[in-house]
Amino acid sequence: MTNLAQFTLLTQSFIRSFKQSDCGAYIQPLVDQDTEFMQLIGIDPRIWRFARFPKSTPESFNHYFTKVLSDEGSFLFSVRLKETDAIIGFTRLKNMDFDHRRAETGTWLIGDQQGKGLNKYIKQQLLTIAFDVLQLNEVYCYVNCDNHPSVKSLLSLGFEIKEAQQRLSPTHNEMVDMQQYYLHMTAEMFQCSGLRLSCYPTR
C-alpha cells in the first residue's frame, strides 16, 4: 500500500490555495478536533435520504464514522463554508488503488447547504488533489439511481455514467436492493472539463 503521508505537504499547499480562491466552500484535511462536530451535524436525516444505510441516529452515525476514521488508506476532508469557516459536510477519497491509479469518492452536506451549487467547488478541489497530487487516472462513485439531484450535479460537472458497471447493492431493508449508477471522471476528462482552477499547477 502506498503511504499517503508522502502526499501530505503538497496537499496542504493546495488546500491553502483553495481557501484563498473564489469559491463558496473549501475542503480541508480532517483533524481530530473536527470529529466531535461531525458527530453533531452528521445525524441530519436530510443527508441520508438516498443512502443504502441511513445514519441519522447517534449510534448509526458513530458506527459509520468510526469505520471511516480507521481506514488508513483514505484521504478524509471536512467541507467548510468559506464565509464563516463552519464545517458543513464531509468528503473523501477511498478504496485507493495506486496500481490501477483510481479511487472512489463520496460527499455529504448538511441539509441547509444542499442545492446551493457547493458541490462544484468541492469536486474541483477534490479532483485536483486526486489528479494533480496523487496522480490518479480515474475517480468514481456509486450513486442511488433515484438520487436525481446528485446525478444531475455530477453529470453537469463532466462525470459520465458507465452503464456496464451499474450495480445492485443491499440496503437496510433486506427485501430491497438499491440500483446504483457508476459515475466516473478520468484525468483526461478533468483536463477538458473546465473544472481545473487556473491557479494550480498542471500535471
Check whether any side-chain heavy atom of [X] lies under 4.5 Å from a side-chain heavy atom of [Y], and answer yes or no.
X: Glu160; Y: His184; value: yes
X: Gln124; Y: Ser21; value: no
X: Met96; Y: Leu134; value: yes
X: Phe61; Y: Gln39; value: yes
X: Gln28; Y: Ile87; value: no
X: Ile88; Y: Leu118; value: yes
X: Ile27; Y: Ile15; value: yes
X: Thr128; Y: Phe190; value: yes

Give a yes or no on whether the backbone of [Y] and the side-chain of [X] come within a donor-acceptor separation of less than 3.5 Å.
X: Asn137; Y: Arg101; result: no
X: Ser74; Y: Leu76; result: no
X: Thr171; Y: Val176; result: yes
X: Thr66; Y: His63; result: no
X: Asp71; Y: Val68; result: no
X: Glu138; Y: His100; result: no
X: Ser153; Y: Ser150; result: no
X: Gln166; Y: Lys162; result: no

Indicate, with yes or no, if [Y] and [X] share a hydrophobic cluster defined by side-chain heavy-atom contacts under 4.5 Å among Ile, Leu, Val, Met, Phe, Trp and Tyr.
X: Leu155; Y: Val139; answer: yes
X: Phe65; Y: Val79; answer: yes
X: Tyr140; Y: Leu183; answer: no
X: Leu126; Y: Val143; answer: yes

When rounded to the nearest 0.5 angstrom, what is the spacing between [atom1] in [X] and [atom2] in [Y]?
X: Lys55; Y: Asp44; atom1: NZ; atom2: CG; result: 13.5 Å
X: Ile110; Y: Met38; atom1: CD1; atom2: CE; result: 10.5 Å
X: Met185; Y: Leu157; atom1: CE; atom2: CG; result: 6.5 Å
X: Ile41; Y: Gln113; atom1: CD1; atom2: CD; result: 10.0 Å
X: Arg92; Y: Glu104; atom1: CZ; atom2: CD; result: 7.5 Å
X: Asp112; Y: Leu81; atom1: CG; atom2: CG; result: 11.0 Å

For [X], I'd like to know if atom [atom1] has over 12 heavy atoms of other residues, nucleotides or ligands within 6.0 Å.
X: Asp22; atom1: CG; value: no
X: Asp85; atom1: CG; value: yes
X: Lys120; atom1: NZ; value: no

Residue pair Asn119, Leu154: steps toward the side-chain contact (heavy atoms from CB on, under 4.5 Å) verdict: CA-CA 8 Å; Asn119 194 42; Leu154 289 166; 4.3 Å; yes
Nearest heavy-atom pair of [X] and [Y]: which atoms, and what distance?
X: Arg80; Y: Ser78; value: NE-OG, 3.4 Å
X: Ser169; Y: Gln180; value: OG-OE1, 2.6 Å
X: Pro45; Y: Ser56; value: CA-CB, 3.9 Å
X: Leu30; Y: Asp34; value: CD1-CB, 3.6 Å

Would you call the rings of Phe75 and Phe77 parallel, tilted or perpendicular, taking 30° and 60° as the class edges?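 Ring orientation of Phe75 relative to Phe77: perpendicular.
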Tell me, with the steps shown, if Leu136 and Phe98 meet side-chain contact (heavy atoms from CB on, under 4.5 Å). CA-CA 7 Å; Leu136 300 179; Phe98 282 99; 4.1 Å; yes
Steps toward side-chain contact (heavy atoms from CB on, under 4.5 Å) verdict (Leu127, Thr105): CA-CA 10 Å; Leu127 293 171; Thr105 186; over 6 Å; no
Going through the checks in order, is the side-chain contact (heavy atoms from CB on, under 4.5 Å) test met by Ile122 and Leu109? CA-CA 10 Å; Ile122 297 165; Leu109 293 173; 3.9 Å; yes
Got a sec, which pairs hit ring pair (Phe, Tyr, Trp, His ring centres under 6.0 Å) with one end in residues 21-57, sequence neighbours left out?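 Applying ring pair (Phe, Tyr, Trp, His ring centres under 6.0 Å) to every pair that reaches into residues 21-57, excluding sequence neighbours, yields Trp48-Tyr64, Trp48-Trp108.
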Between Thr107 and Lys123, is any side-chain donor less than 3.5 angstrom from a side-chain acceptor? yes
Indicate, with yes or no, if the rings of Tyr181 and Tyr142 have centres closer together than 6.0 Å. no
